[in-house]
2 protein chains.
Amino acid sequence: MQIGELARRGGCDAETIRYYEREGLLPAPARTASGYRRYEQPHLEQLAFIRHCRSLDMSLADIRRLVDYHQHPSAAPCDDINALLDAQISRIHQQIASLQRLEQQLQTLRARCDAPHTVADCGILKSLEGAASGEGCVCHADGPA
Amino acid sequence: MQIGELARRGGCDAETIRYYEREGLLPAPARTASGYRRYEQPHLEQLAFIRHCRSLDMSLADIRRLVDYHQHPSAAPCDDINALLDAQISRIHQQIASLQRLEQQLQTLRARCDAPHTVADCGILKSLEGAASGEGCVCHADGPA
DNA sequence: GCAAACCCTGTAGTTACTATAGGGTCAAGA
DNA sequence: TCTTGACCCTATAGTAACTACAGGGTTTGC
């Protein structure tokens with residue numbers, strides 16, 4: 001199949017496939033006489049593997065490592081794979097915590113404007129301005145920005 | 001003060017300050033005879049405003065709008081500021097939900113390897129491979145990837 | 001005077017794509 | 001056969017928000 005079909009079946013863009021090939025994540029396929037890429041089923045499977053890992057927000061660097069393991073199964077212990085997943089989970093966990101704090105901060109700031117005001121009197125803007133002038137801010141109540 | 005001191009007091013990098021100037025977020029300051037930037041207190045306050053908004057994960061485009069309002073307070077209703085904050089809150093909220101799903105998915109996948117295995121037998125890798133071959137995956141149990 | 005710390009501009013790099021320019025190929029329909 | 005739209009190709013640039021570097025100039029304390 002050609003790149004457009006691989007893209008449709010792999011759930012991504014043809015540009016993305018070319019990008020993965022440049023980045024060494026997908027092997028370069030055979031070409032037709034006119035220079036078109038010609039893909040077979042193993043390419044589709046590898047693309048699906050990559051896209052699946054991307055859907056889990058894994059970095060291309062991490063995916064590259066998993067692809068390597070996939071291509072070279074060995075008797076070595078899978079500690080590295082576990083560690084990779086654990087690190088990813090930990091990153092996501094921290095990101096959630098960080099975003100939850102951020103959401104709280106934004107809501108605190110948002111609450112400074114609970115009724116229609118003019119821009120000149122907006123509690124949100126006044127809070128931001130006051131904080132910038134050193135007055136201390138409402139949204140980072142637990143510590144400095 | 002010079003850019004290094006502004007950076008220290010504003011809690012960011014001198015490069016970042018130059019970047020903000022190029023992006024039009026900070027006005028270009030006066031210069032010494034040798035070409036060095038010379039900043040006064042209003043610059044520090046504007047930088048603090050920007051950094052504070054950045055700490056709330058606002059985009060530079062959104063910050064630019066708030067800075068405009070700050071510099072040109074008006075009698076217009078502050079609906080736009082409210083909408084800006086609401087949109088930001090909504091984005092963060094959706095991002096949290098998305099990351100929570102992702103965390104769950106990763107933990108499901110991680111659980112496929114509960115004891116030491118070899119790479120060749122790793123449940124994580126086997127799950128990813130099986131999914132790539134069309135078998136359905138464990139981590140996206142509620143729908144396709 | 002010397003050296004370290006700072007300053008300057010211009011450019012490039014980071015990550016994972018995404019878009020565009022300019023040109024070639026293919027296949028269906030008239 | 002010709003036309004045209006859809007597809008293909010490579011090379012390059014852009015996205016967002018920084019961050020780093022090259023190459024060179026300035027300041028300040030010893």
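Naming: A, B, ... by sequence-line order, numbering from 1 per chain.
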| query | Between C/dA16, D/dT12, D/dC18, which nucleotide has the shortest distance from any of its atoms to the side chain of A/R22? | reply | D/dT12

| said: Could you tell me how far apart A/I3 (CD1) and D/dA6 (P) are, to the nearest whole angstrom? | reply: 19 Å

| query | Got a salt bridge between A/E15 and A/R18, using NZ or NE/NH1/NH2 to carboxylate O under 4.0 Å? | reply | yes

| message | Taking A/E23's backbone N and O only, do any of them form a donor-acceptor pair with A/R64's side chain (distance below 3.5 Å, no angle check)? | response | yes

| query | D/dG14 C1' sits how many Å from A/D13 CG, rounded? | reply | 15 Å

| task | Could you tell me whether a side-chain N or O of A/S55 sits under 3.5 Å from a main-chain N or O of A/H52, the two making a donor and an acceptor? | result | yes

| field | Between C1' of D/dC8 and CD of A/E5, the distance in whole Å | value | 14 Å

| field | Protein-nucleotide distance (B/Y20, atom OH; D/dA16, atom P), rounded to Å | value | 14 Å

| query | Rounded to the nearest Å, what distance is computed from the CE atom of residue B/M58 to the C1' atom of nucleotide D/dC18? | reply | 19 Å

| task | Return yes if some donor-acceptor pair links the side-chain N/O of A/S90 with the main-chain N/O of A/D86 below 3.5 Å, else return no. | result | no

| Which of these nucleotides, D/dA17, C/dC6, C/dC17, is closest to any side-chain atom of B/Y19? | D/dA17

| Side chain to side chain, A/M58 and B/L106, heavy atoms closer than 4.5 Å | yes

| task | Using whole Å, report how far CD of B/E15 lies from P of D/dC21. | result | 10 Å

| message | How many whole angstroms separate atom CG of B/L6 from atom P of C/dC8? | response | 11 Å

| said: Mind checking if A/E23 touches a base, just sugar-phosphate, or nothing, with heavy atoms under 4.0 Å? | reply: nothing

| Among C/dA16, C/dC6, D/dC7, which is the nearest nucleotide to the side chain of A/S59? | C/dA16

| said: Check this for me: does any side-chain nitrogen of one of A/R65 and A/D62 sit under 4.0 Å from a carboxylate oxygen of the other? | reply: yes

| task | Give a yes/no on whether any side-chain N or O of A/R51 is located under 4.0 angstrom from OP1 or OP2 of C/dC17. | result | yes

| How is B/R18 classified with respect to the nucleic acid when contacts are heavy atoms under 4.0 Å: base, sugar-phosphate, or nothing? | base

| field | From D/dT19, C/dC6, C/dC17, nucleotide with atom closest to B/R8 side chain | value | C/dC6

| Distance check: side-chain N/O of A/T16 vs OP1/OP2 of C/dT18, anything under 4.0 Å? | yes

| query | Separation of B/I17 atom CD1 from C/dT9 atom C1', in whole Å? | reply | 16 Å

| field | Those residues of residues 26-43 of chain B lying under 4.0 Å from DNA chain C by at least one heavy atom | value | B/R31, B/G35, B/Y36, B/R37

| query | Is A/I89 close to B/R110 at the side-chain level, that is, under 4.5 Å between some pair of heavy atoms? | reply | yes

